[in-house]
Amino acid sequence: MGSVIEILDEKTVNKIAAGEVIERPLSVVKELVENSIDAGATSISVELKGGGIDFIRVTDNGSGIAADYVKKAFLPHATSKIHSADDLFSVRSLGFRGEALSTIAAVCQTEIITKTKDRMTALSYRIDGGKEVSFDEIGAPDGTTFIARNLFFHTPARRKFLKTAMTEAGYVTGFMQHMAINYADIAFKYIINNVNKLVTTGNGDRRENIYKVYGREIADSILEFEAEDLGMSLRGYAAKPVVARSSREYEIFFVNGHFIKDKLLEKAVEEAYKPYLMQHRFPFCVLVLNIDPGLVDVNVHPKKTEMKFAHGPELFEFVRRAVGECLSNTELINKAGLVEEPEEKYTAPKVSAEPFEVLRTVKDGSRTLFVAEDRTSDDPGKDNTEDAGDSFFYEQNDGISEIEEKPAFLEKKDTAFTGKKPVQLDLFEEKIIKPENKPYFRLVGQVFKTYWIIEYKNKMFIIDQHAAHEKVMYERFVKQYKSRNVTSQLLSPTLILTLNGKQEMILERYMESFRSLGFEIEHFEGADYAVRAVPSGFMMLESREIFTGLIDELGDGINTEDVEIIHDRLAQMSCKAAVKGNTELSFKEADELLTELLSLENPYNCPHGRPTMIEFTERELEKKFKRIV
Ligand code: ADP
Ligand code: MG
């Protein structure tokens with residue numbers, strides 16, 4: 001380090017300052033699009049090449065910059081939006097620091113073409129790395145076009161921090177999707193490498209844009225609501241809890257035009273959804289808030305993705321109540337349908353998959369997207385799945401609950417498991433469940449189209465065919481995936497998935513793994529991907545959920561590069577997909593199932609921890625019948 005102190009030249013200062021605002025193509029796009037919005041544009045197009053590292057073009061039909069101010073706009077701290085610090089309390093524009101143009105111009109090769117209505121011609125102004133190159137009069141329509149080429153071209157160190165073009169584009173895509181939803185009255189066109197990625201009409205319909213970005217399933221389940229109180233107004237788009245996600249990514253907040261991440265708002269929304277969601281499940285919910293600018297501070301973060309609220313507790317309550325009321329109004333309808341459900345479960349179940357099995361497979365909650373409609377209509381906040389299964393057992397068990405003597409291991413298991421008898425088999429017992437013992441197992445028959453009774457020496461087992469089937473399938477899939485011994489099954493029709501920017505990134509990152517596991521996936525158009533084939537065992541109906549669920553999960557655990565995780569998830573999901581509820585099993589099939597179960601290392605629990613079988617001893621029955629005392 002030298003000892004001579006010098007004043008840094010302007011160019012250097014700009015570069016330093018730029019570090020705060022401009023760190024990647026996304027930052028450039030964000031600043032430019034916000035400028036376009038501030039300029040009153042009703043139509044904005046954004047174009048990227050090379051992930052925005054090579055080329056970004058933002059075109060708007062806004063006010064344009066008056067000829068006298070074109071150069072001035074590129075000076076540090078040049079802004080037309082505020083005049084003094086006091087204005088910060090009433091600022092309604094998205095920008096106000098006057099930093100963007102000067103910093104962007106310092107870190108890439110820029111050209112602005114801008115025309116105000118009152119002039120015949122447009123002006124083109126080019127700057128390379130902060131140095132003026134040209135200033136010409138040219139022909140162009142009203143509005144402004146901004147081109148940024150070769151981001152960080154003369155600062156290779158900074159450029160090194162950029163990720164692949166694909167990843168950088170993914171970030172921009174996420175931003176554009178949010179903008180499209182937030183600003184539904186602006187017609188956006190978003191183009192990557194000459195391909196239209198997202199095109200909106202600007203007709204003001206947010207739901208339409210939610211559909212374009214997040215697809216049909218979510219858009220169809222959106223509940224729209226409005227609220228107003230204490231200088232705050234809110235438009236909400238809350239998805240029904242059935243489409244719950246495994247990350248907070250879909251809790252989307254816009255405050256005074258800015259997309260923000262905010263713990264208080266997240267908490268308020270989650271609090272409202274709490275009765276309807278399992279743990280570790282998060283809602284899809286878009287909130288568009290308008291708050292008196294005097295009561296929020298946007299100036300806490302250079303990227304304006306955080307805010308300070310003057311009346312936090314009031315805001316929290318306002319949001320919680322608005323979302324909560326929207327959901328509870330809806331919930332009433334669902335509850336009505338639920339009343340009959342237990343009946344269905346306990347009496348003759350139909351051959352179709354629902355409702356019992358669908359509910360049961362949901363147990364694994366946080367790990368999959370199998371959120372069955374039935375579940376959300378159930379008792380709020382409870383995993384009624386398990387309840388349903390258990391209460392079934394309880395009913396059966398009540399009669400034998402006075403068994404006095406029992407082995408210590410059963411006692412222990414009792415409390416650990418359900419506190420009810422009979423109990424799950426225990427691993428500490430001498431292992432009965434092994435292939436060599438198969439000849440001693442006598443399959444007696446099936447009850448309730450679900451449970452198989454099996455006699456083994458002086459014991460009676462009851463096997464839950466679904467749990468057992470799931471377990472067997474799970475193990476089979478794990479083995480298959482591990483050995484890459486997977487056969488594909490063509491989907492007809494092809495499944496089209498609409499992914500958001502982050503999901504696209506994740507999909508691209510794991511594409512090879514997916515392919516090697518039997519998926520055939522291709523980019524289709526825009527944010528759409530075509531899934532043409534899936535590993536056999538997947539059911540067409542559920543492929544969509546399986547897939548997006550898996551992608552979201554992979555995205556959640558940032559360092560889950562491990563393919564093992566994909567194996568495990570796929571196995572879990574595919575076994576769920578493969579196992580159908582309440583289907584009748586022939587004797588022969590049940591026998592095969594039993595054989596396969598016996599061969600497993602841990603046949604006692606299904607992949608979600610529920611028991612596959614329970615046991616009664618002859619002695620217990622004798623006691624029950626008072627044959628012995
Ligand atoms: P800020 O947005 O914080 O004011 P910027 O550096 O982003 O600062 O922009 C400087 C000024 O240039 C803005 O205040 C605005 O007057 C003008 N400007 C920038 N982009 C546009 C645009 N697309 N249309 C019209 N005016 C613009
Ligand atoms: Mg700006």
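Counting convention: from 1, in listed order, for ligands and their atoms alike.
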Problem - Check: Arg245 and Ile218 side chains under 4.5 Å, non-hydrogen atoms - result: yes
Handout entry: 2.8 Å cut-off met by an N, O or S atom of Asn35 to the Mg ion (ligand 2)
Key = yes
Exercise for the section: Taking atom NZ of Lys81 as the centre, report whether more than 12 heavy atoms of other residues, nucleotides or ligands fall under 6.0 Å from it. Expected result: yes
Problem - Residue pair Ala122 / Ile113: nearest heavy atoms and the distance that separates them - result: CB-CG2, 4.1 Å
Handout entry: Minimum-distance pair of heavy atoms, taken over all atoms of Gly257 and Asn182
Key = O-ND2, 3.1 Å
Problem - Spatial distance of atom CD (Glu168) from atom CZ (Arg24) [nearest 0.5 Å] - result: 4.0 Å
Practice task
Examine the side chains of Gln177 and Tyr214 and answer whether a donor and an acceptor come within less than 3.5 Å of each other.
Solution key: no
Taking a 3.5 Å cut-off between nitrogen or oxygen atoms, can you list every pair linking ligand 1 to the protein, with distances?
residue  : atom   : partner : partner atom : Å
ligand 1 : 2 (O)  : Asn35   : OD1          : 2.9
ligand 1 : 2 (O)  : Lys81   : NZ           : 2.7
ligand 1 : 3 (O)  : Phe96   : N            : 2.9
ligand 1 : 3 (O)  : Arg97   : N            : 3.0
ligand 1 : 3 (O)  : Gly98   : N            : 2.7
ligand 1 : 4 (O)  : Thr79   : OG1          : 2.5
ligand 1 : 6 (O)  : Ala100  : N            : 3.3
ligand 1 : 6 (O)  : Leu101  : N            : 2.9
ligand 1 : 7 (O)  : Asn35   : OD1          : 3.0
ligand 1 : 7 (O)  : Asn35   : ND2          : 2.8
ligand 1 : 8 (O)  : Gly98   : N            : 3.4
ligand 1 : 14 (O) : Ser80   : N            : 2.9
ligand 1 : 14 (O) : Ser80   : OG           : 3.0
ligand 1 : 16 (O) : Ser80   : OG           : 2.5
ligand 1 : 20 (N) : Asn35   : ND2          : 3.4
ligand 1 : 23 (N) : Asp60   : OD2          : 2.9
ligand 1 : 24 (N) : Thr144  : OG1          : 3.4

